[in-house]
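Single-structure report; data block below.
Remember, predicted model here, so these are calculated numbers, not experimental data.
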Amino acid sequence: MASPAFDEARAVHVLRRMAFGPSPQSLADLRRLGVEGWMETQLSRPGAPLPPRLEAKLQTLPTLTMSMADLVREYPPKRQREAALKDGRTPLRPALIGLEQSAAKLLRAVESPNQLEEVLVDFWFNHFNVSADKGATRWMVTAYERDAIRPNVFGNFRELLGATARHPAMLFYLDNWRSVRDGMPARLTREPEASKPGLNENYARELLELHTLGVEGGYTQQDVREVARCFTGWSIRAPRKAPAFFFRRRAHDADDKQVLGQRIPGRRSLADGEQVLDLLARHPATARHLASKLARRFVSDTPPPALVERVAKVFLDSDGDLPTVYRALFQSPEFWAPEARAVKVKTPFEFVVSALRATEAEVTVRPRLVQSLAKMGEPLFRAPAPTGFPEGAAPWVNSGSLVARLNFSLELVSGRMPGTEVALKTLATPPEPTERAWVDALGQALLGAPPSEETRATILDALSKRAEAASAVGEKRPVDVPLIAGLLLGSPEFQKQ
């Protein structure tokens, strides 16, 4: 019996959601493995070895494997840098940390065959957002993604939650490292900079509102305060020299607490905070909040309530086993529904990576590429609020952002984006060397489907005007393939996933 024909539209949909868009290589992988086989490979082989070429590129970025203490020493802040210069040493600038971190994120997203892993690392980092723009967090974010987020995206949610709660990047970003029991004398804390008197509720509030229960999770301001009391003493040793998690026993509130109606026995230990994390990780409101966010990322900006409820039930029944939750989402009728296809707007990061993948660009990340993302509104690892970058379409659909996307597209395909190289004529072979044939052939290659009549007409009109301008000065130009490709990447179809 003959095997069923390959459904390219179905494959393109999967690659738009479970990957950073189609590429010739990924489409070949789906043809070889089948759509379901490829999906299972992505779900069952997290952390599979990277291609040697990608591994070699990552090895040129030394900050990726350095400890937080090593980063502070080798890429010191301003005062320490000035002291090193006086001693005759030449320290490296901290900005290089962010550049290498952004380069690694882009390279992995473009070239790694473990596409779902990269999509999930991006999703969960945004969920548990910290910003490199806040003080000493700059020296902690590399380790935060590497050690707290990446190893846990295919694990259990409680483990992921705990890894972020203990990491110095989160403790510093949301000021919990300064939080001490009410009435604690400053003289009892060895490090004065961490001994600001009183309770700090920042982490407690975001833990409830963003990380677990959600805005409508049924907690009160009193719950926020009680949770903050549970996390007093969760701090950082030497945050600006050699950051490491440290429990300040004397700073901890050892009295009983009451969180969401449950008694937290007073102890002079980490157990108070751990019990809160246990409670929140298994709470039905957390299941609904996370199911809603995952469905919003992978299905629709307005996910069907029935889907959210089913995925939330799977979350609770599996005790937060994330691969089980992902499978429930990807196997749902809503994920495959025709109305779910090409309806989500790509974030700037998704747009840039999908453009690089679609054009089979050879990438060596330069500052200009990273800066392009900031111009579109998504400076990597620097989301300005604990909420992370926006999840829905509205903030990304504005004239400034769309112009920046079009400019990036034209620079990429014309060879004017430093660190990228695109060979357009290897992507498509039109049946005849006409403008319309090139538009249709490149449209199929870059969009995964023929361009719409509106897009085709817009591109042909732009080509006609250029031809008229050239004719007016006595020139006759060949088909402008880079312009066609740039306009296709800037088209409404390419902005959708």
Side-chain angles (χ1 to χ4, degrees), residues 17-18 39-40 42-44 46 116-117 119-121 123-128 148-149 151-166 203-220 223-224 226-227 230-231 257-264 271-337 340 387-388 391:
R17 298 299 171 84
M18 293 179 65
M39 293 173 68
E40 185 55 34
Q42 294 291 308
L43 283 161
S44 60
L116 179 59
E117 180 178 11
V119 169
L120 291 170
V121 169
F123 171 85
W124 286 113
F125 187 102
N126 204 53
H127 180 78
F128 292 107
I149 303 292
N152 292 299
V153 298
F154 283 100
N156 181 277
F157 177 73
R158 172 62 178 86
E159 294 168 356
L160 175 58
L161 181 66
T164 61
R166 285 173 172 260
Y203 175 67
R205 182 171 293 103
E206 308 306 356
L207 174 65
L208 296 173
E209 179 178 322
L210 301 179
H211 302 169
T212 57
L213 304 180
V215 177
E216 299 177 357
Y219 63 90
T220 66
D223 287 317
V224 173
E226 294 293 280
V227 169
C230 290
F231 284 97
K257 297 97 176 171
Q258 192 87 4
V259 175
L260 301 173
Q262 181 169 318
R263 176 176 171 267
I264 309 293
D272 295 12
E274 296 290 354
Q275 186 175 342
V276 169
L277 296 178
D278 288 341
L279 171 63
L280 296 176
R282 295 173 174 86
H283 198 284
T286 296
R288 285 191 297 273
H289 179 54
L290 296 179
S292 179
K293 287 197 70 171
L294 285 164
R296 194 152 53 243
R297 168 61 183 82
F298 289 103
V299 177
S300 164
D301 285 358
T302 54
L307 172 64
V308 172
E309 289 303 318
R310 289 202 315 276
V311 174
K313 184 177 186 304
V314 170
F315 181 95
L316 293 172
D317 291 346
S318 68
D319 196 26
D321 181 68
L322 293 176
T324 302
V325 174
Y326 305 149
R327 280 190 172 86
L329 192 62
F330 300 141
Q331 292 171 359
S332 69
E334 292 87 347
F335 177 80
W336 295 105
T387 47
E391 298 168 356

Minimum heavy-atom separation for [X] to [Y], with atom names?
X: Pro46; Y: Ser44; result: CD-C, 3.2 Å
X: Ala340; Y: Glu334; result: CB-O, 3.4 Å
X: Thr286; Y: Ala281; result: CG2-O, 4.4 Å
X: Leu160; Y: Ala148; result: CD1-O, 3.6 Å
X: Ala295; Y: Pro303; result: CB-CB, 3.5 Å
X: Ala312; Y: Ala291; result: N-CB, 3.6 Å

Taking the inter-plane angle between the rings of Phe128 and Phe157 on a 0 to 90° scale, is it parallel (under 30°), tilted (30 to 60°) or perpendicular (over 60°)? parallel
Where does the angle between the aromatic ring planes of Phe154 and Tyr326 fall among parallel (under 30°), tilted (30 to 60°) and perpendicular (over 60°)? perpendicular
Any donor-acceptor pair under 3.5 Å linking the side chain of [X] with the backbone of [Y]?
X: Asn156; Y: Asp319; answer: yes
X: Thr212; Y: Leu207; answer: yes
X: Glu226; Y: Gln258; answer: yes
X: Asp223; Y: Thr220; answer: yes

Pairwise distance [atom1]([X]) to [atom2]([Y]) - rounded to 0.5 angstrom:
X: Leu210; Y: His127; atom1: CG; atom2: NE2; result: 7.5 Å
X: Arg297; Y: Arg17; atom1: CZ; atom2: CZ; result: 8.0 Å
X: Leu161; Y: His211; atom1: CG; atom2: NE2; result: 8.5 Å
X: Glu40; Y: Phe330; atom1: CD; atom2: CZ; result: 11.5 Å

Whether the Arg288 and Ser292 side chains hold a donor-acceptor pair (N or O, under 3.5 Å, no angle test) is what I'd like checked. no
Donor + acceptor pair across side chains of Ser318, Asp321 (<3.5 Å): no
Hey, mind stepping through Arg158 and Leu277 against side chain to side chain contact (heavy atoms under 4.5 Å, CB included) and telling me if it holds? CA-CA 7 Å; Arg158 172 62 178 86; Leu277 296 178; 3.5 Å; yes
Are the ring centres of Phe298 and Phe335 closer than 6.0 Å? no
May I ask you to decide whether Arg166 forms a salt bridge with Glu274, counting only side-chain N to carboxylate O separations under 4.0 Å? yes
Among Thr164, Asn152, Leu322, Val119, which residue meets the side chain to side chain contact (heavy atoms under 4.5 Å, CB included) test with Trp124? Leu322
Could you go through Leu280 and Leu260, starting from their C-alpha distance and side-chain angles, then the distance that decides it, and tell me whether this counts as side chain to side chain contact (heavy atoms under 4.5 Å, CB included)? CA-CA 9 Å; Leu280 296 176; Leu260 301 173; 3.9 Å; yes
With a 4.5 Å heavy-atom cut-off, do Leu116 and Val153 have their side chains touching? no
Applying side chain to side chain contact (heavy atoms under 4.5 Å, CB included), run through Leu294 and Phe123 and close with a yes or a no. CA-CA 9 Å; Leu294 285 164; Phe123 171 85; 3.5 Å; yes
